[in-house]
Amino acid sequence: MRKRTELIQLDKIPSGTAQQRRVAYVNGRITSYPSKSLEEARRIYHKALSKLDKQEPYSGAIKLTLLFGYKTKDKKKIKNIWKTSRPDLDNIAKVFIDQLMKHEIIQEDSNIVQLSISKFWDERSYVLFELEEV
């Protein structure tokens, strides 16, 4: 069973989510396109994941654990730890998971059979992910 754990340090966790798509009427058709904040989130994760060592993509049944650490200087927030404000947990996870597929770290997001996601306050910003074949 393979297992991979990576810590990606960021200046800031991007706020763009998969739900932030825009709609426009172009040439008589309705078109959907990503918002600027979604594009920025994709760019930040793309840059960070590009620095990781290439490995064989995970396929088959996968357990994925995601931890989003949000930087704050407020010691009270760190003591209470959980970040209960926006962005929504499921939406930030989707953007990151899509980038895991794009970078061929996982073959398909449908292979994820167990998913654990947390967001909390910390002294620095980072995403920690752990992949495990199950």
Side-chain angles (χ1 to χ4, degrees):
M1 245 184 349
R2 284 194 310 160
K3 190 174 186 177
R4 180 177 185 175
T5 304
E6 299 284 354
L7 176 67
I8 299 170
Q9 296 205 32
L10 302 169
D11 293 331
K12 180 183 172 189
I13 301 290
S15 61
T17 69
Q19 300 299 314
Q20 295 175 321
R21 295 193 61 82
R22 300 288 181 235
V23 178
Y25 192 72
V26 180
N27 297 329
R29 300 183 74 180
I30 295 176
T31 304
S32 171
Y33 62 95
S35 68
K36 289 181 183 178
S37 62
L38 175 56
E39 284 295 322
E40 178 70 4
R42 288 176 177 168
R43 186 191 63 73
I44 289 169
Y45 291 140
H46 174 78
K47 183 178 177 182
L49 292 171
S50 295
K51 296 176 183 176
L52 299 180
D53 294 334
K54 286 284 185 188
Q55 296 180 9
E56 184 72 24
Y58 279 71
S59 59
I62 301 168
K63 174 183 173 183
L64 175 61
T65 303
L66 291 172
L67 304 175
F68 292 90
Y70 285 81
K71 183 178 181 175
T72 183
K73 293 180 182 178
D74 186 346
K75 298 295 181 191
K76 290 179 185 175
K77 285 184 179 179
I78 293 173
K79 186 177 178 183
N80 292 331
I81 202 161
W82 300 114
K83 182 179 186 313
T84 57
S85 55
R86 292 186 180 265
D88 295 352
L89 194 58
D90 55 333
N91 296 332
I92 58 172
K94 179 62 177 157
V95 175
F96 190 79
I97 292 168
D98 287 346
Q99 289 301 310
L100 289 176
M101 281 184 14
K102 186 171 186 162
H103 285 272
E104 298 178 349
I105 295 170
I106 62 173
Q107 199 167 39
E108 283 291 328
D109 58 359
S110 60
N111 290 351
I112 299 169
V113 297
Q114 186 175 351
L115 179 61
S116 174
I117 316 165
S118 300
K119 64 177 181 173
F120 49 89
W121 297 110
D122 206 332
E123 295 174 349
R124 57 196 168 119
S125 291
Y126 58 88
V127 178
L128 183 125
F129 73 90
E130 182 176 89
L131 290 165
E132 186 177 356
E133 292 176 337
V134 290

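These figures come from a predicted structure and were not determined experimentally.
- Residues passing the ring-ring contact (aromatic ring centres under 6.0 Å, His included) test with F68: none are found, sequence neighbours excluded.
- Clustering ILVMFWY residues whenever any of their side-chain heavy atoms sit less than 4.5 angstrom apart, transitively, puts I112 in the very cluster that holds M101.
- L100 CG to L66 CG: the interatomic distance, rounded to the nearest 0.5 Å, is 7.0 Å.
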Test salt bridge (charged side-chain N to carboxylate O under 4.0 Å, His left out) on E39 and K36; report intermediate values, then the result. CA-CA 5 Å; E39 284 295 322; K36 289 181 183 178; over 6 Å; no
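- Applying the side chain to side chain donor-acceptor pair (under 3.5 Å) criterion to S85, with sequence neighbours excluded, gives K83.
- Note that CG of L49 is 12.0 Å distant from CD1 of I44, once rounded to the nearest 0.5 Å.
- Note that the CG atom of L10 and the CD1 atom of I8 stand 7.0 Å from one another [nearest 0.5 Å].
- In terms of the salt bridge (charged side-chain N to carboxylate O under 4.0 Å, His left out) criterion, residue partners of E40 (sequence neighbours excluded) are, by chain and number, R43.
- By the side-chain contact (heavy atoms from CB on, under 4.5 Å) test, E6 pairs with R4, L52, F129, sequence neighbours left out.
- Not counting sequence neighbours, the partners of K102 by the side-chain contact (heavy atoms from CB on, under 4.5 Å) test are Q99.
- Annotation: side-chain hydrogen bond (donor to acceptor under 3.5 Å, both in side chains) contacts involving residues 44-72, sequence neighbours excluded, comprise H46-H103.
- When the side chain to side chain donor-acceptor pair (under 3.5 Å) test is applied to E104, no partner is found at least two apart in sequence or on another chain.
- Residue V134 shares its hydrophobic cluster (ILVMFWY side chains chained together at separations under 4.5 Å) with V113.
- Cluster annotation: V95 and L89 are assigned to the same hydrophobic cluster (Ile/Leu/Val/Met/Phe/Trp/Tyr, side-chain heavy-atom contacts under 4.5 Å, transitive).
- Within a 6.0 Å radius of CG in D11, other residues, nucleotides and ligands contribute 12 heavy atoms or fewer.
- Residues meeting the side chain to side chain donor-acceptor pair (under 3.5 Å) test with D109, sequence neighbours left out: K94.
- In this structure D90 satisfies the side-chain contact (heavy atoms from CB on, under 4.5 Å) test together with D88, sequence neighbours excluded.
- Residue pairs meeting the side-chain hydrogen bond (donor to acceptor under 3.5 Å, both in side chains) criterion with at least one partner in residues 119-134, sequence neighbours excluded, are R2-E133, T5-E130, D122-Y126.
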